[in-house]
Asks: 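Pasting a structure below so you can have a look.
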Amino acid sequence: MKISMAEEEAAAVHGNGDSDEKVLEFLDSLEGYLTLMESLASTLRQGWFELASARHSMGVSRVSSASLDLKDHLASTYLEMTQHEFDESIMRQPQFSLRKWASFENGICSSGEEKPDSPQLRQRCPSQISENQEDLSKSDGSHTTVDDLVKKERSKSLSVFGTLVSPKLRAAQASFETALDILVEVANLRSSMLSARNQVQRGIEETRK
Amino acid sequence: MYGFEALTFNIHGGYLEAIVRGHRAGLLTAADYNNLCQCETLDDIKMHLSATEYGPYLQNEPSPLHTTTVVEKCTLKLVDEYKSMLCQATEPLSTFLEYITYGHMIDNVVLIVTGTLHERDVQELLEKCHPLGMFDSIATLAVAQNMRELYRLVLVDTPLAPYFSECITSEDLDDMNIEIMRNTLYKAYLEDFYRFCQKLGGATAEIMSDLLAFEADRRAVNITINSIGTELTRDDRRKLYSNFGLLYPYGHEELAVSEDIDQVRAVMEKYPPYQSIFSKLSYGESQMLDKAFYEEEVKRLCLAFEQQFHYAVFFAYMRLREQEIRNLMWISECVAQNQKSRVHDSVVFIF
């Protein structure tokens with residue numbers, strides 16, 4: 001996205017109040033996008049550094065690519081994409097959301113269901129997931145909460161490196177998790193930025209007509 | 001009889017003690033580390049190391065260099081020195097030198113078993129094993145389904161066999177069982193090494209008791225901190241602590257029930273040698289604990305060279321070289337990730 005193009009477009013529609021608003025919206029999105037990208041770079045850098053610290057602490061043989069699990073297993077996190085009709089025209093703004101640590105939900109509901117086509121990923125409807133979460137919290141008077149299960153899933157994903165891992169490895173996991181959240185925010189912001197840019201361009205074309 | 005080693009030690013151990021003291025003189029100094037910390041790329045590190053004893057091991061490595069390559073080649077140098085000393089050692093020094101490698105053997109066994117559980121290729125796993133911990137039938141570990149088979153098929157003919165008596169079960173191997181197996185084996189190994197050194201007597205027993213007790217205590221602290229918030233029960237945690245060391249038995253009882261780093265700190269501060277370690281950390285922080293422990297270990301290992309006519313110099317040299325390799329790995333990672341401002345977070349100067 002070129003800043004010079006944004007400035008040119010901004011100049012072209014100067015004087016039109018609605019257009020100004022759209023331009024400002026676009027520039028705000030652009031600023032948010034650049035800030036998020038910087039935050040993402042910093043978080044990833046921190047994550048890689050913590051991973052190196054964990055290797056230093058636990059030993060090279062314990063934290064290496066040889067530890068990763070090649071068996072088929074359920075995805076612990078998946079990305080949902082929805083398309084929103086922005087207005088009557090064919091402009092659609094995709095929205096992304098992350099379902100983190102969803103493998104425990106899949107595990108609970110897997111017993112009565114048909115086997116999915118892909119053994120590695122299961123696609124679930126959001127309404128089914130929220131029903132399952134309610135069932136989970138009410139089940140059998142158990143004290144297990146969703147937070148406890150998420151914590152368990154986090155430990156399970158780290159268990160490829162052993163069950164007694166250094167706090168530095170857990171910190172690296174938290175950093176990469178944050179980076180994933182930021183990535184989804186970046187995708188959403190980029191989507192709204194592209195939408196705002198398209199509106200500004202349409203405004204320019206209409207003005208020229 | 002303690003104090004009379006000077007009369008007889010040099011007959012069988014004098015030459016190798018001189019050799020190991022010569023090797024010690026080749027350890028990197030603070031000036032070397034300062035030069036290395038100012039490098040911009042891994043090729044600069046290679047250039048600086050070419051003027052040290054690591055030079056011949058790195059000179060033929062092509063660019064771009066990777067941190068794993070630096071660690072691998074530096075480890076090869078240590079392995080060559082160790083094998084050269086082992087082949088010239090007589091009993092009981094040869095047994096003592098072999099004991100030093102059993103820890104690596106345990107790590108290799110766990111690596112192969114874990115990797116097989118995760119459906120990794122055995123050849124790939126063998127390449128990641130530590131060369132000091134290799135033994136002939138190591139590749140056969142991949143066929144075992146439980147600990148009983150692990151013992152019966154492979155480990156019964158290795159030096160680790162006596163350490164398996166406490167953890168033989170027919171349960172299938174999974175991540176938790178493997179972790180408990182690792183720590184149980186290491187506990188049995190440390191206790192056996194401690195008993196062997198006590199049997200040797202003299203300065204070896206005195207100095208090695210201190211070094212192994214420190215190792216046992218450090219392991220207890222690490223197991224405690226790493227198991228906080230996990231499914232490991234207090235009883236299981238208690239069983240993984242060694243039955244010797246400054247913390248045995250009362251410190252272990254308190255560590256077993258600790259639920260956070262501050263409680264661990266409260267336990268350790270009751271012991272004067274560890275008070276100085278924890279005084280360097282702020283409350284609630286555990287990031288610099290590793291470095292504090294390594295610094296204390298290096299101090300004790302260097303003191304082992306102040307006395308003559310004992311075997312602890314061999315153990316101290318091997319551990320100091322391993323610390324040096326850890327330092328080089330850390331410096332390489334910081335340079336590769338452009339985090340030179342953090343390089344002093346984990347480098348421990350030896351001299």
Side-chain angles (χ1 to χ4, degrees), chain A residues 41-73 104 119-120 143-145 147-176 179, chain B residues 67-68 71-72 75 104 107-108 110-112 114-115 117-121 124-130 133 174-180 182-183 222-232 237 240 261 286-287 289-291 294 325-327 329-330 332-334 336-339 342 345-346:
Chain A
S42 163
T43 306
L44 282 173
R45 199 168 138 84
Q46 179 67 17
W48 285 116
F49 184 77
E50 281 159 353
L51 188 63
S53 296
R55 284 188 85 215
H56 179 266
S57 174
M58 291 169 62
V60 173
S61 63
R62 284 193 69 186
V63 183
S64 72
S65 55
S67 309
L68 299 176
D69 195 344
L70 291 182
K71 283 193 294 196
D72 289 342
H73 53 275
F104 75 83
Q120 285 151 335
H143 298 291
T144 309
T145 61
D147 285 342
D148 286 340
L149 284 169
V150 166
K151 194 175 160 186
K152 200 173 166 184
E153 286 296 312
R154 278 204 179 100
S155 294
K156 191 177 158 192
S157 71
L158 277 186
S159 65
V160 291
F161 300 110
T163 45
L164 300 182
V165 297
S166 163
K168 292 173 185 175
L169 195 63
R170 295 184 207 279
Q173 182 187 43
S175 293
F176 288 126
Chain B
T67 54
T68 47
V71 172
E72 199 182 299
T75 305
H104 295 298
D107 288 339
N108 287 351
V110 172
L111 176 65
I112 300 280
T114 309
L117 196 68
H118 297 159
E119 294 183 7
R120 309 294 306 206
D121 178 50
E124 183 194 1
L125 295 171
L126 288 173
E127 283 167 14
K128 297 278 182 187
C129 287
H130 197 289
D174 64 23
D175 289 325
M176 180 54 94
N177 291 344
I178 290 172
E179 192 69 36
I180 291 180
R182 179 211 303 272
N183 285 289
N222 284 337
I223 286 168
T224 308
I225 291 173
N226 293 348
S227 62
I228 289 170
T230 67
E231 293 172 348
L232 193 72
R237 189 198 281 182
L240 299 180
I261 184 69
S286 66
Q287 297 290 327
L289 184 60
D290 281 335
K291 184 178 179 183
Y294 284 137
I325 291 170
R326 261 195 303 274
N327 286 343
M329 188 207 87
W330 180 252
S332 303
E333 285 283 356
C334 288
Q337 293 189 25
N338 201 17
Q339 294 264 24
R342 305 288 298 270
D345 282 6
S346 292

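Labels below follow one simple rule: chain letters A, B, ... track the order of the sequence lines, proteins then strands, and each chain is numbered from 1.
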Asks: In terms of heavy-atom pairs under 4.5 Å, which option from A/Gly59, A/Ser65, A/Ala171 contacts chain B the most?
Replies: A/Ser65

Asks: Quick one: what part of B/Asn338 sits under 4.5 Å from any heavy atom of chain A, side chain, backbone, both or neither?
Replies: both

Asks: In terms of heavy-atom proximity below 4.5 Å to chain A, should B/Asn222 be classed as side chain, backbone, both, or neither?
Replies: neither

Asks: Ignoring hydrogens and geometry, is there a side-chain-to-backbone donor-acceptor pair from B/Arg120 to A/Leu68 under 3.5 Å?
Replies: yes

Asks: Pick from A/Met58, A/Lys151, A/Arg62, A/Arg170: which one has the most heavy-atom pairs with chain B under 4.5 Å?
Replies: A/Arg62

Asks: May I ask you to decide if A/Ser67's main-chain N or O and B/His118's side chain share a donor-acceptor pair within less than 3.5 Å?
Replies: yes

Asks: State which residues pass ring pair (Phe, Tyr, Trp, His ring centres under 6.0 Å) with A/Phe49; sequence neighbours excluded, sorted by chain then number.
Replies: B/Trp330

Asks: Taking atom types as modelled, is there a side-chain donor on A/Ser61 or B/Asp107 under 3.5 Å from an acceptor on the other?
Replies: no

Asks: Which pair of non-hydrogen atoms, one from A/Lys168 and one from B/Asp290, has the smallest distance, and what is that distance?
Replies: NZ-OD2, 3.2 Å

Asks: Above 12 or not: heavy atoms from other molecules or residues under 6.0 Å from CD of B/Glu119?
Replies: yes

Asks: Just how far is it from atom OG1 of A/Thr163 to atom CD1 of B/Ile178, taken to the nearest 0.5 Å?
Replies: 9.0 Å

Asks: Taking every heavy-atom pair that is under 4.5 Å apart, which of A/Leu169, A/Val160, A/Val60 has the most such pairs with chain B?
Replies: A/Val160

Asks: Where is the tightest heavy-atom contact between B/Gln337 and A/Ala52, given as atom of each residue plus distance?
Replies: NE2-CB, 3.7 Å

Asks: Please classify the contact between B/Ser346 and chain A as side chain, backbone, both or neither, with a heavy-atom cut-off of under 4.5 Å.
Replies: both

Asks: Quick one: closest heavy-atom pair of A/Ala66 and B/Glu124, and the distance?
Replies: CA-OE2, 4.3 Å

Asks: Among B/Ile261, B/Asn226, B/Leu289, find the one that has a side-chain contact (heavy atoms from CB on, under 4.5 Å) with A/Pro167.
Replies: B/Asn226

Asks: Under a 4.5 Å heavy-atom cutoff, which of B/Arg182, B/Glu127, B/Glu333 has the most pairs with chain A?
Replies: B/Arg182

Asks: Between B/Leu240 and chain A, with a heavy-atom cut-off of 4.5 Å, which part of the residue counts as in contact: side chain, backbone, both or neither?
Replies: side chain

Asks: Rounded to the nearest 0.5 Å, how far does NZ of B/Lys291 lie from NE2 of A/His56?
Replies: 9.5 Å

Asks: Report which part of B/Cys129 has an atom under 4.5 Å of a heavy atom belonging to chain A: side chain, backbone, both, or neither.
Replies: neither

Asks: Check whether any side-chain N or O of A/Arg45 sits under 3.5 Å from a backbone N or O of B/Gln339 as a donor-acceptor pair, and report yes or no.
Replies: no

Asks: Report yes if the side chains of B/Thr230 and A/Leu164 come closer than 4.5 Å at any heavy-atom pair, otherwise no.
Replies: yes

Asks: Taking every non-hydrogen pair under 4.5 Å, which of A/Ser53, A/Ser64, A/Ser155 racks up the most with chain B?
Replies: A/Ser53

Asks: Is it the side chain or the backbone of B/Glu231 that comes within 4.5 Å of chain A heavy atoms, both, or neither?
Replies: side chain

